[in-house]
Amino acid sequence: MPETRPRLLLLDGHSLAYRAFFALPVDNFSTATGQNTNAVYGFTSMLVNVLRDEQPTHVAVAFDVSRQTFRLAEYSEYKAKRNKTPTEFSSQLPLIERVLTAFSIPFLKAEGYEADDIIATLVTQALADQTADMEVLILTGDRDSLQLVTERSTVLYPMRGVSDLARMTPTAVEEKYGVPPHRYPELAAIVGETSDNLPGVPGVGPGFAAKWISTYDGLDNVIAHADEITGKKGEALREHLGDVIRNRRLNALVTDLDLAMRPSEMALQPWNREAALELFDELEFRGELKTRTIETLAGEEPMEEGGFELEGRILGGGEITAFLEGLGDQVAGLHVRGSWAAGSGAVDGVGLATADGQAGYVDLAGLTPDDESALAAWLADTTRPKILHDAKGPELALAAHGWRLAGVVSDTALTAYLAQPDQRSYDLADLTLRYLRRELKGEGDTDQGALFDDGADVASTAMLYARAVVDLSTALEGELDRAGGSQLLTEVELPLVHLLASMEETGIAVDLDHLTSLEQHFGDEVRNAAEEAFAVIGKEINLGSPKQLQVVLFDELGMPKTKRTKTGYTTDADALQGLYVKTEHPFLLHLLRHRDVSRLRQTIEGLLKTVQPDGRIHTTFNQMIAATGRLSSTEPNLQNIPVRTEEGRRIREAFVVGKSVDGIGFECLMTADYSQIEMRIMAHLSEDKLLIEAFKSGQDFHSITASRVFDVAPDDVTTEMRAKIKAMNYGLAYGLSAFGLSQQLGIEPGEARGLMDEYFETFGGIRDYLGGVVEEARRTGFTETIMGRRRYLPDLTSDNRMRREMAERMALNAPIQGSAADLIKVAMLHTQRAIEEQGLRSRMLLQVHDELVFEVAQGEREALEAVVRERMGGAADLAVPLDVSVGTGASWHEAAH
DNA sequence: TATGGTACGTA
DNA sequence: CGTACGTACCATAT
C-alpha cells in the first residue's frame with residue numbers, strides 16, 4: 001500500500017443545501033407524505049460525488065446555527081435583504097443531519113458564528129499541523145471562503161445547479177478575479193456582496209477593484225491613497241470608504257474558534273448502511289443516487305472479520321452425502337455452473353453455501369453413483385430449502401441432466417424484479433454490489449482471474465456466488481416486504497418459474513414442410529412485388545431503405561411530404577396509405593405489398609432457424625422484463641406471430657399438434673383466451689355500474705357500450721357507432737387522447753373530443769377511476785395492481801411536460817395491464833395444478849398475454865376444456881364474470897375461434 | 001463491428 | 001399526440 005497523503009474535505013452544509021434548494025424543482029422532490037427533499041437530495045448527491053471523485057481521508061460538515069451572529073451584532077443590516085428562510089428549506093436541515101449521521105460524517109456548529117468561520121478555523125488548524133501534511137478541500141457555495149485558498153487548500157465551488165464544480169486553486173482565483181486568494185475579501189469589500197446586504201462602491205466592479213488592489217498593493221494602501229484615484233470611480237470610493245472598511249471587517253473569517261473536534265479526529269468512518277438505506281427509503285431516494293451512494297461508500301465499510309471467507313471445499317467422491325446431510329434444513333444458496341437455452345441445458349458443477357459460512361462445490365465430472373443419487377435426492381427434496389438467482393435456466397440445465405429441482409423458497413432475481421420492476425437487468429454481481437457492498441468477481445471477468453482459471457477458482461467462485469445469493473435474498477426480501485410484494489413472489493412468480501421451465505422444455509411442434517413451402521411462396525411474392533415496383537419507377541433501389549425511398553417518393557415522384565421523423569420523412573405503412581389515397585401512384589401499392597410479404601418471409605425465416613432437432617420450437621419466456629408484470633418471449637418471440645391478416649394466419653397453420661411421445665398421443669391443440677380482459681378489469685377497478693352491467697348482460701360488449709353512449713336501442717347500433725366505441729374501449733386503458741382517437745378513426749379532433757365527453761358522461765365511474773389512478777400515483781409515487789404489484793413512476797412529478805404525460809399514461813395503463821398479467825399467471829398455475837391433480841397428460845405450451853395454448857393428449861379434449869374454463873374463469877373474483885373462449889384444432893390457426 | 005433509428009408483428 | 005414487448009434492417013459511427 002502506498003502511503004497516501006491525508007486529505008481533509010470540509011463542506012459548508014448550509015450554503016450547499018441552499019443552492020440545491022433553488023437548483024432543484026420542489027415538485028420533483030417530495031415524498032408521499034409531502035416532505036420536500038430537493039435540498040437533502042441535492043446536498044447528498046454533491047456529497048457522494050465529491051467523496052467518490054476526491055477520495056478524502058477526513059471529512060466534516062459545518063452549519064450555521066442561526067442568524068444571530070457577531071456580524072449581525074456589529075451591523076444590523078447584515079443579510080437583512082435576504083428573504084425569510086422558507087420552511088420548505090429549514091424542514092430539510094434535520095434530514096441532512098440524519099444523512100450525515102448515517103454516513104458517519106461529523107458536523108459542527110458554533111453559536112454566533114457562520115459555517116464559514118468554522119471552516120476557516122479548521123483549515124487553519126489543518127494547515128498549521130506540519131507533521132500531518134494535510135491537503136484541504138473546501139466544498140462551498142459561499143465566495144467568502146476563497147480567502148482560504150492556498151497551495152495546499154482548494155475551494156470547490158458549484159458552478160451551475162449542483163453538478164459541476166469549479167476547482168479554485170490560487171492560480172484559478174487569480175485568473176478569475178485578478179487578485180490572489182488572500183486579497184479576495186479586499187476585492188469583495190470594494191465590490192460589495194448583495195446576498196449579505198453589504199453594499200460596495202457604486203459603479204465599481206471586480207475589474208477596477210482588482211486593478212486598484214494590485215496597483216497600490218492591498219486594500220489598506222488603496223484606502224490610504226484614495227485621494228489619488230481620479231474620475232467618477234475615485235469619487236465614489238472616497239464617498240463610500242466607510243462601507244468598504246466595514247465590509248472588510250465583516251467578511252474576514254474567524255480562524256480561532258474553539259471547536260469540539262480537530263481535523264485529525266475527522267478520519268472517515270464506516271457508514272451505517274442499514275440506517276442510510278432506511279433513510280433513503282423514507283426520503284424515497286431510489287435508483288441512481290442509491291446506487292451511486294452504495295458504490296461510493298461500500299469501500300468505507302469494515303470488512304467483516306476474516307473478510308468473506310467460506311469454509312468451502314471441492315467435494316470429492318463420497319463426500320457429498322455427508323455434506324448435504326450436514327446442511328440439514330438450513331436454507332442453501334445454489335449457484336449452478338452450466339449453460340441453458342431453448343428449453344434445455346447442461347450442468348458443469350454446482351456451488352452450495354449457507355448463511356453460516358459452510359460451502360461446497362460439486363464438479364459433475366467424477367461423481368460416484370452414490371454422489372449422484374444423493375445430490376439428485378437433495379435437489380428434488382421439497383423440505384430442503386434452496387435459493388437461486390434466476391432459477392429457470394438452472395432448472396432447465398439440471399432437468400437436462402435428469403435432475404428435478406424442488407424446494408426453491410426464493411429467487412433473488414425475481415425478488416429484485418418485483419421490488420424494482422423498471423430495471424433493465426438483474427445481474428447478480430450488480431445486486432450484490434448495491435445491496436451487500438461486496439464485489440463479486442467471477443468467471444466472466446476479463447482480468448487475470450479468468451485467464452489463470454483453474455478448478456479451484458471455478459469452485460470458489462461458484463461457492464461465493466451461492467453465498468451471495470443467500471445474503472442477497474435477506475436484503476431483497478426485506479425491501480420487497482416493505483413494498484407489500486412478498487405474497488406476489490411466493491404465490492405467483494416463484495411457482496411460475498417451474499411451469500415456465502416446463503413449457504420451454506416442452507416447446508411447440510412445427511410443420512417444417514408447411515413452413516418451408518410458405519417461405520418459398522412469400523419469397524416469390526417478394527420478388528414479384530419488387531419487380532413490379534422497379535418497373536414503375538424504372539430503376540432498382542433497396543425497397544427496405546427508408547432513405548432511398550424518401551429520395552424516390554419525395555424528390556423524384558414529388559409526392560407530398562409526410563410526417564417528420566428524426567432523420568427525414570416517415571415512410572411507414574400509414575403514411576404510404578395516405579399517399580396512395582392522394583396520388584394513386586401504383587408504386588405505393590407494390591411497395592406496401594413488398595413490405596407485407598418480406599415481413600412474413602422474414603418471420604418464417606426466423607422461426608425456421610429456431611426449430612430444434614426434436615421438430616419443435618422452444619421459446620424462452622422472460623419473467624423479469626416487462627415493468628407491468630407481463631411475460632415476454634424471445635428466440636423466437638412466439639407472442640407476436642401474425643394473426644390479423646389472412647396471409648399472416650397461414651404462419652399459424654405451421655404450429656401443430658406434436659407426434660406422440662412415450663406412447664402418449666396428442667389429438668389437437670387447444671387455445672383458451674380471455675375476452676376483453678382489460679375492460680373487465682377496468683370495470684372491476686372503477687366499479688362503474690353501467691359497465692359492470694354491460695358485462696353481466698353477456699351481449700356483444702362494444703355494441704352494448706355503443707348503445708349506451710349513443711343512447712339508442714342495442715339493435716339500432718350501426719357498425720359505424722360500434723367501430724367508434726370499440727376504438728374508445730381499447731384506447732382507454734392506454735391513456736388515449738382526443739387527438740389519438742381522431743387520428744385512428746379518421747375523424748375531426750372536435751368530433752373525437754365530443755365522443756370522449758359523451759363516453760365519460762355515460763361511464764362516469766371510468767372517468768373518476770382513471771383520474772383517481774393518476775392522482776394517487778402522483779401522491780404515492782407508484783401504481784398498484786389487484787395483487788399489489790407496484791410500478792414506480794417518479795416522472796409523474798416531472799416538470800418536463802413530455803415526461804410527465806408519458807408517466808401519466810403509464811400510470812393509467814400499468815394497473816390494468818399488470819392486473820391482467822397477475823390474473824393469467826394465477827390462471828396458469830391453477831390450471832396446471834388441476835391438470836396434475838386430475839392426472840391429465842395434456843401440456844401447457846404457450847402464453848400470449850390473454851391466451852394459453854395447450855397440447856391435448858389423446859382423449860382429454862373435454863376434460864381439459866372443462867379444467868381450463870373452470871380455472872381460467874375462476875382465477876379471480878371480480879365484479880364482472882371472466883369470459884373464456886376455447887377452441888381446438890390440428891394447428892394453432894385451426895384452434896383459434 | 002456495435003449502435004440508433006425506423007418499421008412492424010402481437011396483446 | 002395510446003401501453004407493453006422483440007426482431008429485423010439500414011445507416012452511421014467506430
Side-chain angles (χ1 to χ4, degrees), chain A residues 421-422 541-550 562-576 591-592 594-607 609-610 619-645 647-649 651-652 673-679 682 727-745 749 752-753 756 770 773 783 791 793 801-802 805-818 820-821 824 846-852 892:
Chain A
D422 275 283
I541 62 163
N542 183 347
L543 295 172
S545 162
K547 208 184 163 203
Q548 294 181 35
L549 278 178
Q550 286 173 44
T562 54
K563 231 177 63 176
R564 278 223 64 118
T565 65
K566 278 181 188 168
T567 52
Y569 300 95
T570 185
T571 60
D572 67 19
D574 250 14
L576 295 182
L591 176 57
L592 283 165
H594 182 265
R595 283 260 175 89
D596 281 349
V597 287
S598 22
R599 182 153 205 90
L600 291 168
R601 185 189 55 176
Q602 165 197 308
T603 303
I604 293 163
E605 282 170 354
L607 290 173
K609 277 184 220 153
T610 64
T619 185
T620 299
F621 287 108
N622 200 322
Q623 205 178 345
M624 296 170 267
I625 291 287
T628 51
R630 274 191 177 179
L631 299 179
S632 78
S633 157
T634 57
E635 289 177 286
N637 181 356
L638 294 186
Q639 291 178 323
N640 72 342
I641 301 303
V643 71
R644 290 184 214 270
T645 66
E647 279 184 314
R649 283 194 289 274
I651 298 180
R652 291 196 170 215
D673 59 59
Y674 285 120
S675 57
Q676 279 109 27
I677 182 75
E678 298 196 337
M679 280 307 286
M682 202 174 334
M728 273 251 32
N729 283 335
Y730 277 119
L732 273 177
Y734 302 150
L736 185 66
S737 65
F739 181 87
L741 186 65
S742 72
Q743 197 80 14
Q744 208 197 345
L745 292 174
R753 177 82 261 159
M756 285 183 79
L770 292 174
V773 160
T783 61
R791 178 171 188 185
L793 295 165
R801 198 171 64 109
M802 283 246 294
E805 288 178 346
M806 182 72 184
E808 285 168 359
R809 291 191 297 270
M810 290 174 174
L812 288 178
N813 177 252
I816 296 166
Q817 188 183 120
I824 195 162
L846 301 175
Q847 186 250 46
V848 192
H849 310 308
D850 66 358
E851 169 188 12
L852 298 177
W892 195 359

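Note that these values count all heavy atoms, side chains included, but never hydrogens, waters or copies made by symmetry. Keep in mind that this is a model prediction, so the values were computed, not measured. Here is the naming used below: chain letters follow the sequence lines, and residue numbers restart at 1 for every chain.
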Between [N] atom [atom2] and [X] atom [atom1], what is the distance in whole Å?
X: A:Tyr730; N: B:dA11; atom1: OH; atom2: P; value: 9 Å
X: A:Leu745; N: C:dG2; atom1: CG; atom2: C1'; value: 13 Å
X: A:His594; N: B:dA7; atom1: NE2; atom2: C1'; value: 14 Å
X: A:Gln550; N: C:dC9; atom1: CD; atom2: P; value: 20 Å
X: A:Gln817; N: B:dT10; atom1: CD; atom2: P; value: 16 Å
X: A:Gln548; N: B:dA7; atom1: CD; atom2: P; value: 14 Å
X: A:Met679; N: C:dT3; atom1: CE; atom2: P; value: 18 Å

OP1 or OP2 of [N] versus the side-chain N and O atoms of [X]: is any pair under 4.0 Å?
X: A:Lys547; N: C:dT12; result: yes
X: A:Thr570; N: B:dA7; result: yes
X: A:Thr565; N: B:dT6; result: yes
X: A:Arg652; N: B:dT10; result: no
X: A:Thr628; N: C:dA4; result: no
X: A:Asn542; N: C:dC10; result: yes
X: A:Arg599; N: B:dA7; result: no
X: A:Thr571; N: B:dA7; result: yes

If you check the [X] side chain, which of [options] turns out closest?
X: A:Arg595; options: C:dG2, B:dG9, B:dC8; answer: B:dC8
X: A:Ser632; options: C:dG6, B:dA11, B:dC8; answer: C:dG6
X: A:Leu736; options: B:dC8, C:dT7, C:dG2; answer: C:dG2
X: A:Lys566; options: C:dG2, B:dG5, B:dA11; answer: B:dG5
X: A:Asn813; options: C:dT3, B:dA11, B:dA7; answer: C:dT3
X: A:Thr567; options: B:dG5, B:dC8, B:dT10; answer: B:dG5
X: A:Asn640; options: C:dT7, B:dG9, B:dA11; answer: B:dG9

Secondary structure string for DNA chain C (Watson-Crick or G-U under 3.5 angstrom, | for other-strand pairs) = ..|||||||||||.
Just checking [X]: base, sugar-phosphate only, or nothing, at a heavy-atom cut-off of under 4.0 Å?
X: A:Leu812; value: nothing
X: A:Gln602; value: sugar-phosphate
X: A:Arg644; value: base
X: A:Ile625; value: sugar-phosphate
X: A:Gly740; value: sugar-phosphate
X: A:Ala626; value: sugar-phosphate
X: A:Thr603; value: nothing
X: A:Asn622; value: nothing
X: A:Ala814; value: nothing
X: A:Arg809; value: sugar-phosphate
X: A:Gln744; value: base
X: A:Ala821; value: nothing
X: A:Met806; value: sugar-phosphate
X: A:Arg601; value: nothing

message = For a quick check, tell me whether the side chain of A:Asn637 and the base of C:dG6 share a donor-acceptor pair closer than 3.5 Å.
response = no
Has [X] got a side-chain atom pairing as donor or acceptor with [Y]'s backbone, closer than 3.5 angstrom?
X: A:Ser633; Y: A:Pro636; value: yes
X: A:Arg652; Y: A:Pro642; value: yes
X: A:Gln548; Y: A:Leu543; value: no
X: A:Asn813; Y: A:Ala733; value: yes
X: A:Ser742; Y: A:Ala752; value: no
X: A:Thr619; Y: A:Thr634; value: yes

query = Would A:Gln623 and A:Leu631 satisfy side chain to side chain contact (heavy atoms under 4.5 Å, CB included), going step by step from the backbone distance to the final call?
reply = CA-CA 5 Å; A:Gln623 205 178 345; A:Leu631 299 179; 4.0 Å; yes
remark   = d(A:Asp596 CG, A:Thr645 OG1) to nearest 0.5 Å is 7.0 Å
ask   = Out of curiosity, A:Arg630 CZ to A:Gln847 CD, how far, rounded to the nearest 0.5 Å?
value = 8.5 Å
ask   = Rounding to the closest angstrom, what is the interatomic distance between C:dG2 and B:dG4 at atom C1'?
value =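 The same atom, C1', in both gives a distance of 23 Å.
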ask   = For A:Arg801, does the CZ atom have more than 12 heavy-atom neighbours from other residues, nucleotides or ligands under 6.0 Å away?
value =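 Result for CZ/A:Arg801: open.
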key: Greater than 12 external heavy atoms within 6.0 Å of A:Glu635's CD   =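 No, not enclosed.
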